[in-house]
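Taking it in order: structure first as structure tokens, then the write-up.
Numbering of ligands and ligand atoms starts at 1, following listing order.
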Amino acid sequence: MTEPRSGPRKEGGASGPASLFDPGTLLRLGAIGLVMMGVVTAFAWSAGWLSPRRLTQARMMDALAAVDGVHPGFRRNHAKGVCVAGWFESSGQAASLSKAAVFRPVRSAVIGRFALAGGMPFQADAPAKVRSMALRIMPPDGAEWRMGINDIPVFVARTAREFRDLLLATRPDPATGKPDPARVGPFLAGHPDVARALALVGARPISPGFGDDTYRSLDAFRFINADGVSTPVRWEMAPMQPGGPAGAVTGQDYLFDDLLTALGRHPLSWRLMVTIGAPSDPTADPTLPWPADRRQVEAGTLTLDVAQSEDGGLCTGITYDPLVLPPGIAPSDDPIPAARSAAYMRSFTLRAGEVKLPSAITPAMIAAKERP
Ligand code: HEM
């Protein structure tokens with residue numbers, strides 16, 4: 001018997017292994033390569049590597065960190081805060097403007113947060129620091145509504161890019177620890193809208209504390225009623241407790257201390273006042289106030305009666321994303337809320353994965369002020 005001759009094997013036959021040089025294999029490999037390249041390019045694009053001027057979530061986080069540093073585990077803005085809880089009682093008066101469940105004559109549960117603007121979780125309280133209220137309003141039978149609202153009359157930038165540029169222009173100079181006038185001056189000269197908005201913010205009346213402060217949406221939204229009629233709106237939470245005499249403006253946490261003392265004595269309430277915009281009112285520019293004589297509707301009353309530290313508190317796992325809106329409330333052409341939504345998500349993703357120091361407002365501070 002002769003052994004079978006081991007001559008050259010026919011490549012690529014139906015039964016033999018495929019060669020790398022087979023045209024079909026090359027085509028398939030090429031296709032895989034193209035898909036991989038597409039994926040890598042998409043990642044690079046979304047990370048902003050291909051477009052150094054594009055504003056990405058990471059660049060916005062960097063700008064916030066350039067001003068206030070990095071504080072792992074904390075919100076990248078409005079870092080010093082305390083959780084609160086209570087309810088919102090609708091008056092029914094906004095139901096003709098918006099079909100949102102929250103405006104039916106019902107009581108909705110609320111998880112909120114008071115905070116100071118800025119990324120420093122241990123900053124000292126001071127009268128002129130921007131204060132905020134954030135709310136997640138959850139009607140018993142309908143979609144929730146989230147908001148983050150500030151105690152200033154207008155926002156300080158028209159777009160996310162302008163806000164980021166303002167942050168970078170006002171970041172502290174390492175030599176002095178203060179913003180560098182040589183950088184701030186030219187920035188404001190080139191951004192008269194920001195200079196005008198900052199002047200309005202600087203001239204606002206300052207209330208003694210969180211409890212007697214007014215918090216505003218600043219951004220414009222649209223209310224949509226059951227007939228599909230869309231109305232431009234902004235809103236504010238107006239305090240129902242009188243502004244008492246200013247307490248002692250001393251102590252690292254005096255604003256939070258006063259808030260906890262007040263909540264320990266009685267619930268605090270605010271009226272939700274919705275301002276109806278006229279067709280001529282600017283909706284796309286939150287640096288511009290609307291005329292003071294616009295009609296307002298009293299949509300209901302917010303009552304807060306419980307405080308909790310962020311450490312273990314219900315608000316910690318929440319982003320007060322202004323685009324979490326129920327049917328009946330929609331964004332306007334204001335570009336800021338979409339940028340906020342992206343930035344809050346990024347901040348949440350970062351802080352959720354980090355080890356955090358205890359918050360400035362501790363469970364023990366709250367327990368000491370609680371009602372018996
Ligand atoms: C482009 C503009 C803005 C950027 C990039 C920005 C960025 C941020 C970030 C990163 C956070 C932390 C979010 C978290 O970790 O949950 C935050 C919180 C907050 N922001 Fe903004 N923000 C912007 C505009 C505004 C405006 C216009 C308002 C007010 C109307 C506002 C009100 C708030 C409030 C109240 C909080 C605190 C929410 C809480 O207590 O959890 N922000 N912001």
At distances under 2.8 Å, what protein N, O or S atoms surround atom 21 (Fe) of ligand 1?
-> Y344 OH
Judging by distance only, is a nitrogen or oxygen of Y320 under 3.5 angstrom from one on ligand 1?
-> no
Verify the distance criterion only: is there a donor paired with an acceptor across the side chains of S269 and T303 at less than 3.5 Å?
-> yes
How does R164 reach ligand 1, if at all, at less than 4.0 Å between non-hydrogen atoms: by side chain, backbone, both, or neither?
-> neither
Could you list which atoms of ligand 1 come closer than 4.0 Å to a heavy atom of A134?
-> 38 (C), 39 (C), 40 (O)
Heavy-atom check, side chain of W145 versus side chain of P139, under 4.5 Å = no
Please determine if R76 has a nitrogen or oxygen closer than 3.5 Å to a nitrogen or oxygen of ligand 1.
-> no
Test side-chain hydrogen bond (donor to acceptor under 3.5 Å, both in side chains) applied to D321 - qualifying residues, sequence neighbours left out = S341
Of all the atoms in ligand 1, which lie at a distance below 4.0 Å from a heavy atom belonging to I149?
-> 35 (C)
Looking at W270, F114, Y215, Y254, which hits ring-ring contact (aromatic ring centres under 6.0 Å, His included) with F210?
-> F114
N/O separation below 3.5 Å, N150 to ligand 1 | no
Protein heavy-atom partner closest to atom 27 (C) of ligand 1 - residue, atom, separation in Å = F155 CD1, 3.4 Å
Please state which protein non-hydrogen atom is closest to atom 10 (C) of ligand 1 and give its distance, to 0.1 Å?
-> S347 CB, 3.7 Å
Do R222 and S332 have a side chain donor and acceptor closer than 3.5 Å?
-> no
Between L55 and R161 the two heavy atoms that sit nearest each other are N-NH2, 3.3 Å
Report yes or no: does S217 have a heavy atom closer than 4.0 Å to ligand 1?
-> yes
